[in-house]
Amino acid sequence: MEEVYFRITSELETLNNLNDSSTPISESTLSDLQTLFDNALDADDTEDIDRLWDELASKNISPASLARHIASSMDSGSTHHTLLASQVYLSLLLSPNSPVLSLFNPIAFISILSSIRRFFKKKQVGEEAGGSGSRGQVNNNKKKRGGGGGGGRGVRRNARDGEDDEIDTSRFDLRLLFPVIEKLESVLCRIHLDRFPDSLKSLIQTVSEVPIAALEFYDNSGSYNRLSDLCYQILIGVLKPEHGNETNTAVEVLRSLVPSILLLKSQARTSALRFVTHQMMVVAKGNDAVKKAIVYLPRYLVSKAPERSEPRAAAVESIMEIIRAMELQDRMGFVEYVIKMTQGKAHLRLLAVDLIPMLLMSLPDPLGLNVEDGGEDWWGLNCLKVMINRCSDLNAAIRARSLSNLAQAVEFLFGNVKGRDRLKEILGFENAGGRNLEGGLTGLLRKRCMDEKANVRKASLLLITKSTALLGTSVDGVLLKTMGIACSDPLVSIRKAAISALSEAFRRFSDEKLVLDRLSGVGNTGSINSTFPSCSANEKMKSLNTEMESVYPGGVLNILKGLCDSEVMICIRKICTSLGKKKRLKPAIAVSLQNIIKTSESVWLNHSWPIEQWTAPPGCWFLLSEVSSFLPKAVRWEFLHHHWQLLDKTELNNKIGSPLIQRDMNSDLEGIGSESAAWAGDRVYLLQTISNVSVELPPEPAAELAHNLLKRLEEFNMHSTEVNAHVKALRTLCKRKALSPDEGDALVLKWVNQLLSKALRIIETYITEASDSSRANSFLTPQTTSDRKGKKKKTTSKALLQAVTAVYTVGSLVIISPSAELKGIIPVLHTIITSGGSETKSKKVPAPVSIKNLAPSLYTQSWLTMGKICLADQNLAKRYIPIFVQELEKNDCAALRNNIIVMMADFCVRYTALVDCYISKITNCLRDPCEVVRRQTFILLSKLLQRDYVKWRGVLFLRFLLCLVDDSQKIKQLADFLFGNILKAKAPLLAYNSFVEAIFVLNDCHAHAGHSESQGSRTQSRLFSIRGIDEKSRSQRMHIYVSLLKQMAPEHLLATSAKLCAEILAAASDGLLDLDDVTGQSVLQDALQILACKEIRIQSNRGVAADTTEIEDEGGDAGGTDAAAAARRKLVAQVAKKSLIQNAIPIFIELKRLLESKNSPLVGCLMECLRVLLKDYKSEIDDILVADRQLQKELIYDMQKYDTVKAKSTVVEAVATMQKSNPFYSPLGRGAGPSKVANDLDVNGKLAEQLGSAQKAASVVGDVAAAATVKSVLREVNRGMSTPQLNSISRPKLKSSMGGVSKGDRPSDVLESLRRRQTFEFGEEN
């Protein structure tokens, strides 16, 4: 020990003689001192310490001098050296009989804390320096971090500190860091930091940061927990009164813990929350000063919560964990705070809607069922109300989160059986009958399902799914229809959500017909009985349905009937195909359908009813035909054979002609009955089923069936759908039963040629008879009798029916066998389709009569068949495509034009090069007078454009624009979807490139030197324009412009505004655009209105939040996207301002002078445009318009006038709204009760909020009231009423707003605003 004392005193004496307190003590001396202090503390013996003081005193070294040298060692040297010096200094303060007050120095104390921080900092820098040899290389040892109990693996060399930093980490951590923190906790018992607030604050911040900084160095959770526990014991220790004001200290402690609490999943976050909820809460229960700080911790966390999705969710979890540890009264205070947050800024509202469902699911009794005062003001009910209100928030992100969180809350609250009625009431559902209140949740969901934002639509469908159980015993029809519309949403995720919502509704209410009626598009008035016209048949069907429902309960028949809708059929086919390919269709489905059909037939026959009137339950044959493609062995041939014989036999009594010739038939031919249509549909699906299972048919029945099908086809008296079914079934039978593919093709070709020859004879016979009849009637005098005429017309109509069916059969045969012989067919069809002309094109078959006038149905059907033939023969298509285009332009039959459009679309796919030159003529049908033709043209061209068979070039895009303002609502919806979704992704620059040209085309303007050439004839340009200066034409054009602007990126909006200024405004001021022409004026006016519209204005924050939320909802990382989008918009906004000042303003000045010289009415439009453009730069108008002071003054005046008029209109609307809500109240406060006064105060508050200040609101209200008084006086004067003398007028008694007599208690701010009120502007009223 003598050597230890000698080394210590020698070095200290040397340092003391140097008179330099900044020189640090060596590490060996610090180790010797630490050994002495440790021995004294462990053995509780003061002998060694007393000797040390004696030795130092003999060398004239005071304890304060020793402390100064130790403190200087804490500020210099390696990390190991500074921590060792810190440990020695703390041991010095803890040593027995040490003069703590003279040894403690706040600067030295802060040095201790700095050494702890430096430890983690040096460790991080050392690892980074040692691991990053060069830029771009990967540090393979980056994950080798220091352990807790076992210590770390090593410390990187620091170039600045030399070899001292290369020390074993285990000794570094365990021997230095833990003892320093342990002794720091013990020192707090001896030192009171109330006199050193900076030291206290630094201590709290340092200790709070240690658990976060230590995360990277401790893989052992036990060692990390020990370190964090030590830190939190220090934080508990500083809450004692001797360290200062407890509330202030607690606030500082909690503030320093916020970074740890707001971390994502980590040990630091867990330990910090455990410290707050288990240790500080215990202290707060007995200490009101600490409790005051704890209560406000959740609110402070709210203000510091991040805005991104995942960190925000972690913040919500942390807040809720703290709330659960609070007392009930404090919880309710926070709930009230959260409710107020829903009226705050966007990020607060978003956080509030995340907190509310957690509060509802965490706190007890959210619906107030177990308390007496759980009325309308109960906290849980208020939370649900504000959540419903936030579902209509202006911010799309908040709307989406509110809907999804409300769905989560509803699902949780619905689990409480006792609270279901209360939940229905607050959500807007009636208890009786399940009918929905219009203002409740159902009305909200209808709107949100049609929201413009995808994440809102998806969230609303989720809420529908969760709230379906609350609907009671019925489903809202409009809401169900809205879900059906959502099944056609462009986004796959929303379609899935809509299908899920519909499935949940059907699962809950499968016994209700309303679901199926809405699903299939069939009204409530329809039923299965509607297929039978007679009353007796209806009674039979009612009895049949009753018995069938007893056999097949659960709404099976209603389900099958719902499949008969055309839109539902498409979905069913896709579903069956998808399930069939995956082999998930079970044979039991086909067996069950067969049993239903056989049971229906048996029940019918048991009543001895005629079998001719029986039909299978709707939907059975259709579904069987679809599933039989994948389950051929499950369908029995005996079943198919029996019903084929039954249907084929009954068909003889229910012949059905082509619907195309029904208008040509006379009264002697009966129309198609509903029972006949049902039979025909069943036969079609039965034939399809037979085709699907033909492989499993026995040879002999298959041959017999093929013979019967061919025989039926040769009669040419079937409906068109039956013709196709028979042809396809016959082809399938031949190919599947043939020994080889070649044999099957030969067999098909044989009977195809046979049918073609017979069809040719029938068509030629009809044409000959029609020509002879027409020729005979032209020379017959007098006219034939009515009986002969009727019989002859009846015979002709039957022949026409057969001829039309024969022509249609030819088209069906050509499709299945393109190589068939058509030499005789083509000339005949050519004769028919050209019979409307002046000369006959064919010499083989003369046509002195016009088939177009005599038999329009045959004429139309011939065009369809010729189109099918052209699809099979390219050489023929080259000859006839021009004829098709010519017929499309001149024919007055909408049905034929519609069919030719379909054929031209098929030609475009098959023969793209042949049709490309006729696209401009095809687009003329977009302005067809028939809505069906326009819609068909739009749909087909859109598909061709998406598949790149047609390109967006020339006039095509400009002609499509008019569909945005079509008279048909369906076409407008399709156009909005095409331009807003498909084109925006497929061709984002199309709107930008064609925008200026669209202005000239829509106005039919040729008065511009650069746009004088028309792309087509003047008639076509007039057809595809919205020419005119009336309000309707202008609004339609603006709708198109706005739709195009919404597709553009910010930089394209900027470029578009520059192009408008350069190509239109500058052209007008330079004389290139003729302003004497009406269309030129219209173009200029449109350009000014576009520049003034809000869609072209660029805002730095527009669209960023909503887009980011959608990305977050899809699971992506929106951080980079958010920053990039915000930076881009900000940059573009700055460039837009610069362009406005340098380029646009000079053009506006020159144009204004030109318009004023011409006394043009467009001056007002130009001034309005300038006012909108410069309203965001009011403070800079003097600098912007320095070139035209007069324009500057006029604009400032216009802006002030506009603000005044807007303020007055706001007041008038507010007063009108108040009077509508309270029609029995006088405009003033006469007889006003408390509710009236509250309403007035609410209105005044809203006005003050809208206008900026209460004084401005009072001034405007006074102006409006005074103007109304002046009008009243002038009205009386005009009526001839004289104003009475002043002395004859009794002074009225003035009442205050509260209803009492006023005694000088008028508010001073109101009186002051009245004194400063400006004079009335009577010119504005006039």
Side-chain angles (χ1 to χ4, degrees), residues 394 396 450-454 490 926 938 952 957-1005 1024-1061 1063-1065 1082-1099 1101-1103 1106-1107 1129 1132-1133 1136 1140 1144 1165-1166 1168-1173 1175-1176:
L394 294 176
M450 306 302 293
D451 196 276
E452 61 179 353
K453 292 296 182 179
L926 291 172
F938 181 86
W952 288 104
F957 174 76
L958 301 176
R959 293 186 175 184
F960 259 80
L961 293 177
L962 273 76
C963 297
L964 290 167
V965 291
D966 195 274
D967 295 336
S968 171
Q969 190 65 27
K970 294 182 179 179
I971 297 178
K972 285 195 291 188
Q973 292 176 355
L974 291 172
D976 288 336
F977 178 75
L978 175 68
F979 286 96
N981 296 83
I982 298 176
L983 284 185
K984 189 174 183 179
K986 189 176 180 63
L989 296 179
L990 193 58
Y992 163 68
N993 293 331
S994 305
F995 190 83
V996 176
E997 186 180 3
I999 299 176
F1000 286 93
V1001 172
L1002 291 176
N1003 285 281
D1004 191 24
C1005 178
F1024 286 93
S1025 66
I1026 313 176
R1027 184 173 180 175
I1029 58 174
D1030 56 290
E1031 183 62 28
K1032 180 180 179 181
S1033 300
R1034 286 203 306 268
S1035 63
Q1036 288 181 340
R1037 292 198 300 268
M1038 281 304 301
H1039 178 76
I1040 295 175
Y1041 302 146
V1042 168
S1043 299
L1044 296 180
L1045 291 173
K1046 288 181 179 179
Q1047 302 177 38
M1048 299 185 193
E1051 57 270 20
H1052 296 152
L1053 292 175
L1054 175 60
T1056 300
S1057 61
K1059 289 175 67 176
L1060 289 174
C1061 292
E1063 299 186 23
I1064 297 181
L1065 302 188
S1082 182
V1083 166
L1084 180 58
Q1085 185 176 9
D1086 284 0
L1088 293 173
Q1089 290 181 349
I1090 293 170
L1091 290 172
C1093 70
K1094 63 179 181 179
E1095 285 76 13
I1096 202 172
R1097 282 157 50 193
I1098 302 169
Q1099 300 176 2
N1101 58 347
R1102 187 179 71 177
D1107 296 340
R1129 288 184 177 275
V1132 173
L1140 175 66
C1165 188
L1166 183 141
E1168 175 66 17
C1169 178
L1170 266 179
R1171 185 194 62 78
V1172 174
L1173 291 176
K1175 70 176 184 180
D1176 296 331

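Residue numbers count from 1 along this sequence. Just so we're clear, the structure is a prediction, and the values are computed from it rather than from any experiment.
- What you find for A991 and F957 is that their closest heavy atoms are CA-CZ, 4.2 Å.
- For the pair C1169 and A1092, the tightest heavy-atom approach, listed with the atom from each and the gap, is CA-CB, 3.9 Å.
- Closest of all the heavy-atom pairs between I1026 and Q1036 is CG2-OE1, 3.3 Å.
- Looking at Q1085, its side chain never comes within 3.5 Å of a backbone N or O of C1165 through a donor-acceptor pair.
- Annotation: side chain of L974 is not in contact with side chain of D966 (no heavy-atom distance under 4.5 Å).
- A 4.5 Å side-chain heavy-atom check between L978 and F938 finds at least one atom pair inside the cut-off.
- In this pair, W952 and F979 present their aromatic rings tilted. The plane angle is within the 30 to 60° band.
- Side-chain atoms of L1045 and I1090, non-hydrogen and from C-beta on, do get closer than 4.5 Å to each other.
- Rounded to the nearest 0.5 angstrom, K972 NZ and L962 CG are separated by 12.5 Å.
- Within the 3.5 Å criterion, the main-chain N or O of I1029 finds no donor-acceptor partner in the side chain of S1033.
- Looking at R1037, its side chain never comes within 3.5 Å of a backbone N or O of N1003 through a donor-acceptor pair.
- The distance from the OG atom of S1043 to the CG atom of L983 is 12.0 Å, given to the nearest 0.5 Å.
- Side-chain contact check for L1044 versus L961: some heavy-atom pair is nearer than 4.5 Å.
- From I999, atom CD1 reaches atom CG of L958 across 11.5 Å, with rounding to the nearest 0.5 Å.
- For NZ of K1059, the number of neighbouring non-hydrogen atoms (other residues, nucleotides, ligands) closer than 6.0 Å is greater than 12.
- L1091 and L1065 get closest at one heavy-atom pair: CD1-CD1, 3.6 Å.
- The heavy-atom pair separating G1028 from S1082 by the smallest distance is O-OG, 4.0 Å.
- Here Y992 contributes atom OH and L1053 contributes atom CG; the two are 10.5 Å apart, rounded to the nearest 0.5 Å.
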Between F995 and M1048, does the side-chain contact (heavy atoms from CB on, under 4.5 Å) criterion hold? Intermediate values first, please. CA-CA 11 Å; F995 190 83; M1048 299 185 193; 3.7 Å; yes
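- Taken to the nearest 0.5 Å, the CG atom of D1086 stands 10.5 Å off from the CZ atom of F1000.
- The shortest side-chain heavy-atom distance between I1096 and Y1041 does not fall under the 4.5 Å cut-off.
- Distance check, rounded to the nearest 0.5 Å: NZ of K1046 to CG of D976 gives 8.5 Å.
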